[in-house]
Amino acid sequence: MAAEKISLYNLADLKNTSDDAIPNYLNSLKFRQSYFLQDVRLALGYSAFAVAALCFLWDYKLGWDSTKHFTAAAVVLYMILNAALTLWMSQKEKNVIYQGTAPGGEDITISSTTKKNVPIYNLHINVQSKKGSHKAEQKHDISAPFSEWFDEVGYFVATPFQELLASHVAVIGKQDPKRVIVKSSQEALNADADLLDAVLAASGTEVKGAGARQRKA
């Protein structure tokens with residue numbers, strides 16, 4: 001359980017706590033997290049701040065008349081940097097909370113969203129794997145109520161949250177097959193062959209039989 005209790009009526013806290021749990025979980029499975037998006041955002045933000053600070057120093061040390069041309073150029077540059085930062089956050093980062101690479105070499109990008117006053121956590125997961133000279137792409141959309149992994153007093157419970165991810169995304173299920181929940185229906189088993197392989201690697205005879213019937217079919 002998380003050490004901090006979350007208000008079950010605070011949607012932002014529920015989402016932020018869930019968002020923070022994803023990197024912790026995936027990194028524990030030896031996924032390599034990429035910080036490229038955050039690094040670019042920080043570089044743009046600090047660059048804009050540096051330009052503003054230099055403008056102040058120029059004016060303070062040398063006076064307006066001798067620096068007005070530099071100040072005008074700096075103002076334009078500051079506007080460009082802030083526009084680039086806004087575009088980067090809205091178009092490139094969007095709602096991305098995790099980017100990384102699985103131990104098997106697959107690239108994974110996870111974004112999360114919620115709707116106002118709706119306690120449902122929406123995950124959009126994109127997995128890209130290289131097969132020869134081509135890239136195969138898988139997209140997963142997962143929606144579940146926060147009540148599935150927050151208990152009645154507001155503590156985060158890791159196991160059901162991890163089971164949600166491992167059971168829906170094959171590249172995660174492969175790394176943590178014990179967290180994969182095998183549904184009873186044959187249709188569920190047929191849904192993802194890679195996920196089934198991960199389950200078979202850590203499951204008993206009954207599941208193996210179901211897998212064998214699937215492969216024979």
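Hydrogens, waters and symmetry mates are skipped; everything else that's a heavy atom, side chains included, is used.
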Residues in side chain to side chain contact (heavy atoms under 4.5 Å, CB included) contact with Leu87, at least two apart in sequence or another chain:
Gln91

Report the residues that fulfil salt bridge (Lys or Arg N to Asp or Glu O under 4.0 Å) with Glu148, sequence neighbours left out, ordered by chain and then residue number.
none

Within residues 14-37 or reaching into it, pairs that qualify as salt bridge (charged side-chain N to carboxylate O under 4.0 Å, His left out) - sequence neighbours excluded
Lys15-Asp19

Fellow cluster residues of Val75, listed by chain then number, with links counted only when side-chain atoms sit under 4.5 Å apart:
Met79

Check for a donor-acceptor pair, side chain of Ser167 on one end and backbone N or O of Ile181 on the other, with a separation under 3.5 Å.
yes

I need the minimum non-hydrogen distance between Ala43 and Ser47, along with the two atoms involved.
O-OG, 2.6 Å

Other cluster members, Tyr78 - Ile/Leu/Val/Met/Phe/Trp/Tyr, side-chain contacts below 4.5 Å
Phe36, Leu37, Val40, Leu44, Val51, Leu77, Leu81, Leu85, Trp88, Met89, Val96

Scanning both residues in full, the closest heavy-atom pair of Val180 with Gly173 reads CG2-CA, 3.7 Å

Mind jotting down which residue pairs meet the salt bridge (charged side-chain N to carboxylate O under 4.0 Å, His left out) criterion with at least one end in residues 82-107? Sequence neighbours excluded, please.
Arg41-Glu93

Should Leu26 and Ile110 be marked as a side chain to side chain contact (heavy atoms under 4.5 Å, CB included) after you check the CA-CA gap, both sets of side-chain angles, and the distance that decides it?
CA-CA 11 Å; Leu26 295 185; Ile110 302 176; 3.7 Å; yes

How would you list, by chain and number, every residue that makes a ring-ring contact (aromatic ring centres under 6.0 Å, His included) with Tyr46, sequence neighbours excluded?
none

Would you please name every residue forming a side chain to side chain contact (heavy atoms under 4.5 Å, CB included) with Asn95, sequence neighbours left out?
Ser111, Thr113

Exercise: identify the closest heavy-atom pair between Val153 and Tyr155
CG2-CD1, 3.4 Å

Can you check side chain to side chain contact (heavy atoms under 4.5 Å, CB included) on His168 and His140, steps first, answer last?
CA-CA 7 Å; His168 285 83; His140 306 271; 5.6 Å; no

Go through the structure and list residues passing ring-ring contact (aromatic ring centres under 6.0 Å, His included) with Tyr121, not counting sequence neighbours.
Phe146, Trp149

Picking from Leu165, Asp141, Val169, what satisfies side-chain contact (heavy atoms from CB on, under 4.5 Å) with Leu123?
Leu165

Stepwise side chain to side chain contact (heavy atoms under 4.5 Å, CB included) check, Phe156 with Ile6
CA-CA 8 Å; Phe156 177 81; Ile6 301 299; 5.9 Å; no

Work out which heavy atom in Phe161 is nearest to a heavy atom in Ser18; give both atom names and the distance.
CZ-O, 3.6 Å

Using the salt bridge (Lys or Arg N to Asp or Glu O under 4.0 Å) criterion, which residues pair with Asp176? Sequence neighbours excluded.
none

Please go through Tyr35's hydrophobic cluster and name the other residues, only I, L, V, M, F, W, Y counting, with side-chain heavy atoms under 4.5 Å joining them.
none

Taking the hydrophobic residues Ile, Leu, Val, Met, Phe, Trp and Tyr, and joining any pair whose side-chain heavy atoms are under 4.5 Å apart, which ones share a cluster with Val118?
Ile120

